[in-house]
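These numbers come from the heavy atoms of this one structure, side chains and all, not from hydrogens, waters or symmetry mates.
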Amino acid sequence: FLDAVVERDPKRALEVLGGIYDRGLADSTKPGKTIINESSITMLLLGALTWRLSQLQDVLTALDQGRREFEVFSDLKIFGARQEEFKRILRKHSAASARKCMDALYRAYLDLRLSGLSPQEVMEQLAWRIVKS
C-alpha cells in the first residue's frame with residue numbers, strides 16, 4: 001500500500017487497501033496473529049506512511065540544498081534496493097508535492113477525529129489526495 005501511494009498508483013493503492021481491510025494485517029510481533037480491527041489497521045498504516053513521507057521529504061530537502069545523492073542516502077542509511085526504490089520515487093515527486101503529501105496526511109489525522117467517516121474511508125481519501133499531489 002505504501003509503495004503504491006508514494007509511487008502515485010491509485011488503482012493498486014486502493015486495491016491493496018481494500019484487501020488489507022478485508023483480510024487484516026499480519027502482526028510482526030506475534031507470528032500467526034492477524035490484526036483485523038479497522039482502527040488498529042489505520043493507525044499502523046498512518047504510522048508507516050508518516051515515516052515514509054518524512055523520509056521522502058528529508059531526501060528532497062537535502063538534495064534541494066545541493067547535497068550529493070550518495071551523501072544523502074548514506075546519511076539516511078538507505079542502501080541497495082531501497083535506494084533504487086527511492087530514486088524511482090524521487091522522479092515522481094518534488095519538494096512541493098512532498099509538502100502536499102504531508103498536508104494530506106495531517107488532514108487525514110484530523111478527519112479521523114472530526115469527520116465522522118470510517119477509518120477506511122479516511123485512508124481511501126488520503127491515498128487519493130497523495131496520488132493527486
So does V6 get a backbone contact from the side chain of H93, meaning a donor-acceptor N/O pair under 3.5 Å? yes
Check whether S115 reaches the backbone of L112 with its side chain - one donor and one acceptor, N or O, closer than 3.5 Å. no
Which atom pairs, donor and acceptor, lie under 3.5 Å between side-chain atoms of residues 116-126 and protein residues at least two apart or in another chain?
residue	atom	partner	partner atom	Å
S118	OG	E121	N	3.1
S118	OG	E121	OE1	3.3
Q120	NE2	E124	OE2	3.3
E121	OE1	S118	N	2.9
Q125	OE1	R129	NH2	3.4

Hey, any chance V131 and L49 share a hydrophobic cluster, counting ILVMFWY side chains that come within less than 4.5 Å of each other, even indirectly? no
Single-linkage hydrophobic cluster, 4.5 Å side-chain cutoff, V5 and L105 together: yes
Result block: side-chain N/O donor-acceptor pairs under 3.5 angstrom for residues 22-29, not counting sequence neighbours:
residue	atom	partner	partner atom	Å
D27	OD1	T29	N	3.0
D27	OD1	T29	OG1	2.7

Do any side-chain atoms of residues 76-84 form donor-acceptor pairs under 3.5 angstrom with protein atoms, and if so which ones, sequence neighbours left out?
residue	atom	partner	partner atom	Å
R82	NH1	E85	OE1	3.4
R82	NH1	E85	OE2	3.2
R82	NH2	Q55	OE1	3.4
Q83	NE2	I78	O	3.2

How about CG on L2, more than 12 heavy atoms from neighbouring residues, nucleotides or ligands closer than 6.0 Å, or not? yes
Shared hydrophobic cluster for Y21 and I36 (ILVMFWY, side-chain gaps under 4.5 Å): no
State which residues pass side chain to side chain contact (heavy atoms under 4.5 Å, CB included) with Y106; sequence neighbours excluded, sorted by chain then number. L110
For R8 and S133, indicate whether the former's side chain and the latter's backbone hold a donor-acceptor pair under 3.5 Å. yes
Those residues at least two apart in sequence (or on a different chain) that pass salt bridge (Lys or Arg N to Asp or Glu O under 4.0 Å) with E38 are none
CD1 of I35 to CE of M43: how many Å apart, nearest 0.5 Å? 12.5 Å
Looking at D103 and R99, is any side-chain nitrogen of the basic one under 4.0 Å from a carboxylate oxygen of the acidic one? yes
Do L17 and L45 touch side chain to side chain, with heavy atoms closer than 4.5 Å? yes
Suppose we screen for salt bridge (Lys or Arg N to Asp or Glu O under 4.0 Å). Which residues come up paired with D75, at least two apart in sequence or across chains? R67
